[in-house]
Protein chains: 2
Amino acid sequence: MARRTGSHSDITGPRIRAAALKLFARHGFAAVSMRQIAAEVGLQAGALYLYTPDKQTLLFDLLRTHMEELIAAYTAASTPEEPQAALDHFVRFHMGRNLDHAEGVFLSYMELRNLDAENFARIEALRRGYEDRLAHILAAGQAAGHFRLADVRLATMAIIAMINGVNTWFREGGRLSRTAVGDIYVDMVRKAVAS
Amino acid sequence: MARRTGSHSDITGPRIRAAALKLFARHGFAAVSMRQIAAEVGLQAGALYLYTPDKQTLLFDLLRTHMEELIAAYTAASTPEEPQAALDHFVRFHMGRNLDHAEGVFLSYMELRNLDAENFARIEALRRGYEDRLAHILAAGQAAGHFRLADVRLATMAIIAMINGVNTWFREGGRLSRTAVGDIYVDMVRKAVAS
DNA sequence: GTCTATAGAAAGATAGAC
DNA sequence: GTCTATCTTTCTATAGAC
């Protein structure tokens, strides 16, 4: 398909979103100007408005994409049937995914307040859908007598929060490897839900 | 002590900090203007500069006060000697304190990036000092054979993150009371560190 | 101690040339 | 598809009156 010079619609969009993700995560949504995002991509500020109607929609698209790709990746990595194996798998998947998409994770927790009510509800629905995957594993293990949980929803939130916390301190090349941390967290989670 | 009309130095300072805490937590540091803070207190923007040299110092003072009062409160609530009792006590204290100071907790995790390097280091040192209280409990319990931990530092971070997560979903008057949630978390933590 | 007024910089978004 | 130029608003911080 022939294209005239200066026409980069299909590549510029992703580059804008990548720049915005990086800058929003690093400095915060409100602290980053459209001019900064444009400069990061090598554009003038006005050109951004060919790709997003406004700044908030740009943020919403980042959060929506982050959640959708998380769910798609979890779905693609088939979960074992057996509850204990499924739980171990969830812990390792969630930790690895979080570390590989740290900027998106940070944004999706910190910048929800910059969405309007409708967009906020959409992102929350996606997050809840993901959390339900873990809740179902726990409920199945509880029903089968493998786990002993006072409350499935609280255990779900506790496990996710615990793993999310890894992003605040883990550094590649630090004292413990990613695999070693994963092993230790799997062990702690196993014990926490054990019957 | 005689005081002329319009002189409220001793009361205005705390009111400014309270307003800034509320607004920063709700909308984010960068999204809140000095005018908004002043309006919340019933002042003009210029008057704020009698109480803080600039906006960032106002944020730093909030974070420092939050951490110092957290540590002071934990110190004042005497910790049991026995490791398991001390751990239970820490879980309940940390959860309750977080819920009572949700805005400060949120700020102290979300707005660190708005501090310069020196101020950031000071806040991190305070946080580390607090985390060490839990680490010492875990290490003592490990040494006494009450706990089995693959790594004391990881267990410390995991427990704190797990409890911090409560702030994102707990609502007073919801399905479970604060005490009920505390009981369940104490149970999960006990099991996670059990030998 | 607080106000009004303002300096000076920067923001989001749009119009129109190329 | 992108740029230049600009409108309009808002920001932090300061100066000086009261």
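Just so you know, these numbers come straight off a predicted model, no measurement behind them. The analysis underlying the following values was restricted to heavy atoms, covering all of them including side chains, and did not include hydrogens, waters or symmetry mates. Quick note on labels: first sequence line is chain A, next is B, and so on, each numbered from 1.
Rounding to whole angstrom units, CD of residue Gln36(B) and C1' of dC11(D) are separated by 11 Å. Atoms CG (Leu43(B)) and P (dT2(C)) sit 6 Å apart, rounded to a whole Å. The separation between Phe29(B) atom CZ and dC11(D) atom P is 14 Å, rounded to whole Å. At whole-Å resolution of the value, NE2 in His27(A) and P in dA11(C) are 12 Å apart. Atoms CD (Gln56(A)) and C1' (dA11(C)) sit 17 Å apart, rounded to a whole Å. Between the CG atom of Leu50(A) and the C1' atom of dT14(C) there is a distance of 12 Å, rounded to whole Å.
A salt bridge links Arg178(B) to Glu172(B): at least one charged side-chain nitrogen sits closer than 4.0 Å to a carboxylate oxygen. Taking a cutoff of 4.0 Å between a charged side-chain nitrogen and a carboxylate oxygen, Asp10(A) and Arg15(A) do not qualify as a salt bridge. A salt bridge is absent between Arg128(A) and Glu124(A): the closest approach of a Lys/Arg side-chain nitrogen to an acidic carboxylate oxygen does not fall below 4.0 angstrom.
Between Tyr74(A) and Phe90(A), the ring planes are perpendicular. Angles over 60° get that label, and only those under 30° would be called parallel.
Asn114(B) and Glu111(B) get closest at one heavy-atom pair: ND2-OE1, 2.6 Å. Of all heavy-atom pairs between Ala192(A) and Lys191(B), the closest is O-NZ, 3.2 Å.
Mapped onto DNA chain C by nearest heavy atom, Pro53(A) and Ala47(B) fall at different nucleotides, with Ala47(B) at the one closer to the 5' end. Both Arg35(A) and Gln44(A) lie close to DNA chain D; mapped to their nearest nucleotides by heavy-atom distance, the more 5′-ward contact belongs to Gln44(A).
Within the 4.0 Å cut-off from OP1 or OP2 of dG1(D), not a single side-chain nitrogen or oxygen of Thr12(A) is found. At least one side-chain nitrogen or oxygen of Ser33(B) sits closer than 4.0 Å to the OP1 or OP2 atom of dC11(D). Taking only side-chain nitrogens and oxygens, Tyr51(B) comes nearer than 4.0 Å to OP1 or OP2 of dT2(C).
Stem regions for DNA chain D, each three or more consecutive Watson-Crick or G-U pairs with both distances under 3.5 Å and listed by first number, read C:1-18 with D:1-18.
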